Amino acid sequence: MTGDVDKLRAHAAKYELRVLVLQGGGALGSYQGGVYEGLAEVGIHPNWVAGISIGAINAAIIAGNPPERRIDQLRAFWEMICQPPWLPTLALEQWNDPSRWPALVRTWMNGFEASRALLEGQKGFFTPRALPGSGPGEASFYDTSPLRATLERFADFDRINDRRHMRVSVGAVNVRTGNFVYFDNTRDKLLPEHFMASGAMPPGFPAIEIDGEFYWDGGMVSNTPLFQVLTEQPRRDALIFQIDLWSAAGSLPEDLWQVVNRQKDIQYSSRTRMVTDSMQEQQQMRRLVKELLALVPESKLDACWIAQAKKIACAARHNVVHLIYRDKPYEGSNKDYQFGPVTMREHWASGLGDMRHTFEHPELLALPSDEDVFVTHDVHRGAGGDD
């Protein structure tokens with residue numbers, strides 16, 4: 001693999017931006033931990049991480065640690081929050097290899113673990129309220145104040161706010177205006193509250209107050225910050241790893257539980273491929289404008305439309321490597337709040353396996369050509385349908 005690693009690093013080094021984009025998805029977020037481990041294995045380190053909801057939480061831990069500590073801290077975070085706060089967890093690994101258990105048994109276990117999350121909360125993450133409180137900061141079924149201490153335990157916020165290490169962007173929704181807002185360490189001093197706000201999905205979690213305004217989960221408007229990354233100016237050559245936890249493509253549901261599961265997939269998938277297809281067309285158009293400007297006679301360069309055209313013109317190249325978590329047969333509509341440790345480790349292993357599989361094709365990371373300035377790669381696309 002040494003030769004492939006050298007090729008992967010050489011390709012990645014040609015991009016000014018190496019961006020990790022993390023979609024929201026609750027308990028499915030450990031898949032992103034495995035993906036990051038796959039990146040670290042080959043020595044590819046992002047210089048910009050952007051996330052929504054659980055993707056924002058993972059972003060905080062990645063940005064809040066030096067490269068050599070990120071995997072250990074990510075894993076420790078997930079191992080901690082997937083411990084039930086009261087009764088001991090099911091030690092399924094000690095009984096047998098969980099992957100060999102019948103789907104019906106795993107479905108039952110998933111339901112049990114999800115029910116525990118609803119009744120008990122999750123250690124260091126959220127706890128149930130006896131009664132929903134009043135006011136925007138307490139009107140919820142759960143209290144997420146434990147998450148603040150957890151974030152401070154696993155992430156160094158001085159490092160997060162040092163833009164020399166990494167750019168950090170997280171999205172949330174202003175409850176009062178309904179507008180989507182990005183918090184970014186190039187403009188804002190990021191605190192635990194910014195990451196908590198990005199994952200404050202009502203009515204389960206309370207709105208988070210920041211500078212006198214209250215914010216909810218960014219996934220209510222857009223569950224991925226990909227559009228923000230692709231429209232950032234000035235546009236620069238970028239290698240973007242888009243890590244989705246929900247797949248828009250799926251089987252036709254045949255019962256009510258499958259309907260609920262399918263509804264969540266469609267609602268939170270954010271139509272990532274629709275965004276990339278649209279941005280591909282726009283970037284090709286910007287490149288065309290740039291080429292046409294080169295043909296304009298010098299006597300016409302002071303025309304007012306030339307100034308407008310120059311704002312549009314761009315030859316930056318974007319390479320989007322798209323990974324999507326694929327449901328297991330025994331997973332249902334509770335997969336985003338099923339924090340069982342067995343399932344968490346399976347999600348992590350899936351992310352690591354998918355990243356390793358992608359890196360078996362180093363050519364996917366190559367800088368796009370001048371003729372094709374925007375490319376998208378997904379090694380699962382042929383098998384999984386179109387998202």
Side-chain angles (χ1 to χ4, degrees), residues 8-24 29 31-40 42-65 67 70 74 159-160 162-171 182-188 190 195 198 218 222-245 270 272-273 275-280 282-283 314-324 351 354-355 358-359 364-368 373-378:
L8 289 165
R9 289 177 179 173
H11 286 318
K14 294 179 180 179
Y15 297 87
E16 188 173 353
L17 296 177
R18 294 173 298 281
V19 192
L20 182 61
V21 180
L22 303 175
Q23 194 184 67
Y31 174 83
Q32 296 170 344
V35 168
Y36 184 78
E37 182 176 354
L39 286 168
V42 299
I44 295 178
H45 302 292
N47 53 19
W48 184 2
V49 60
I52 302 287
S53 198
I54 197 64
I57 303 299
N58 284 330
I61 299 170
I62 292 169
N65 287 279
R70 289 173 186 162
L74 274 171
R159 185 180 182 91
I160 287 174
D162 188 343
R163 67 189 70 174
R164 294 173 300 177
H165 294 299
M166 185 182 294
R167 183 174 181 179
V168 185
S169 308
V170 295
Y182 272 103
F183 300 110
D184 192 293
N185 68 348
T186 63
R187 302 183 301 269
D188 311 295
L190 299 182
F195 299 89
S198 185
S222 174
N223 203 28
T224 176
L226 179 62
F227 181 79
Q228 174 75 8
V229 169
L230 290 174
T231 55
E232 179 70 13
Q233 296 195 39
R235 293 178 177 84
R236 292 170 285 178
D237 292 346
L239 174 62
I240 301 166
F241 294 93
Q242 166 69 35
I243 315 303
D244 287 358
L245 302 177
S270 300
T272 300
R273 284 181 179 137
V275 173
T276 55
D277 288 348
S278 174
M279 295 307 299
Q280 182 179 39
Q282 289 189 35
Q283 195 61 19
C314 174
R317 289 167 286 186
H318 292 155
N319 185 347
V320 180
V321 179
H322 189 194
L323 274 71
I324 309 173
D354 285 352
M355 194 76 266
T358 298
F359 283 160
L364 298 183
L365 270 59
L367 193 68
V373 293
F374 192 113
V375 297
T376 304
H377 299 292
D378 177 3

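Since we're looking at a predicted model, the values are computed, not measured. The chain is numbered in sequence order, starting from 1.
With contacts defined as side-chain heavy-atom distances shorter than 4.5 Å, the pair D354/V35 does not qualify. S169 places a side-chain heavy atom less than 4.5 Å from the side chain of W48. Proximity of R167 to N185: side-chain heavy atoms (C-beta onward) are separated by under 4.5 Å at one or more points. Side-chain contact between L17 and V229: absent, with no pair of heavy atoms (C-beta onward) separated by less than 4.5 Å. In this structure the side chain of M166 reaches within 4.5 angstrom of the side chain of I62, judged on heavy atoms. Residues F241 and P46 fail the side-chain proximity criterion, which asks for heavy atoms closer than 4.5 Å. Looking at R317 and K14, their side chains never come closer than 4.5 Å, going by heavy atoms from C-beta outward. Side-chain atoms of F195 and V168, non-hydrogen and from C-beta on, do get closer than 4.5 Å to each other.
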**Request:** Verify side-chain contact (heavy atoms from CB on, under 4.5 Å) between I243 and Q23, making sure each step is shown before the conclusion.
**Result:** CA-CA 6 Å; I243 315 303; Q23 194 184 67; over 6 Å; no
**Message:** Would Q228 and D184 count as a side-chain contact (heavy atoms from CB on, under 4.5 Å) here? Give the steps.
**Reply:** CA-CA 11 Å; Q228 174 75 8; D184 192 293; 5.8 Å; no
**Request:** Please report the C-alpha distance between N58 and Y36 in whole Å, then the side-chain angles of each, then the deciding distance to 0.1 Å, and finally whether the side-chain contact (heavy atoms from CB on, under 4.5 Å) criterion is met.
**Result:** CA-CA 10 Å; N58 284 330; Y36 184 78; over 6 Å; no
**Asked** Between Y15 and I240, is a side-chain contact (heavy atoms from CB on, under 4.5 Å) present by the stated rule, with each step listed?
**Response** CA-CA 10 Å; Y15 297 87; I240 301 166; over 6 Å; no
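Atom CG of residue L239 and atom CD of residue E16 lie 13.0 Å apart, to the nearest 0.5 angstrom. Interatomic distance, L20 CG to N47 CG, rounded to the nearest 0.5 Å: 11.0 Å. Rounded to the nearest 0.5 angstrom, D237 CG and R18 CZ are separated by 12.0 Å. How far CG of L39 is from NE2 of H45: 9.0 Å, rounded to the nearest 0.5 Å. The CD1 atom of I324 sits 8.0 Å away from the OH atom of Y31 when rounded to the nearest 0.5 Å. With rounding to the nearest 0.5 Å, the separation of CG in L364 from NE2 in H322 is 14.0 Å.
One side chain, Q242 or T224, offers a donor N or O that lies under 3.5 Å from an acceptor on the other.
Other residues, nucleotides and ligands place no more than 12 heavy atoms under 6.0 Å from the CZ atom of F227. Residue-environment remark: CZ (R187) exceeds the threshold of 12 foreign heavy atoms within 6.0 Å.
Listed here is the closest heavy atom pair of H11 and A366: ND1-CA, 3.6 Å. Here the closest heavy-atom approach between residue N319 and residue H377 is recorded as OD1-CD2, 3.2 Å. In terms of heavy-atom proximity, R159 sits nearest to G64 at CD-C, 3.8 Å. Between P225 and I52, the shortest heavy-atom contact is CD-CG1, 3.6 Å. When every heavy atom of L74 is checked against every heavy atom of G33, the shortest pair comes out as CD1-CA, 4.3 Å. Looking at every heavy atom in both residues, S53 comes nearest to G24 through CB-CA, 3.8 Å.
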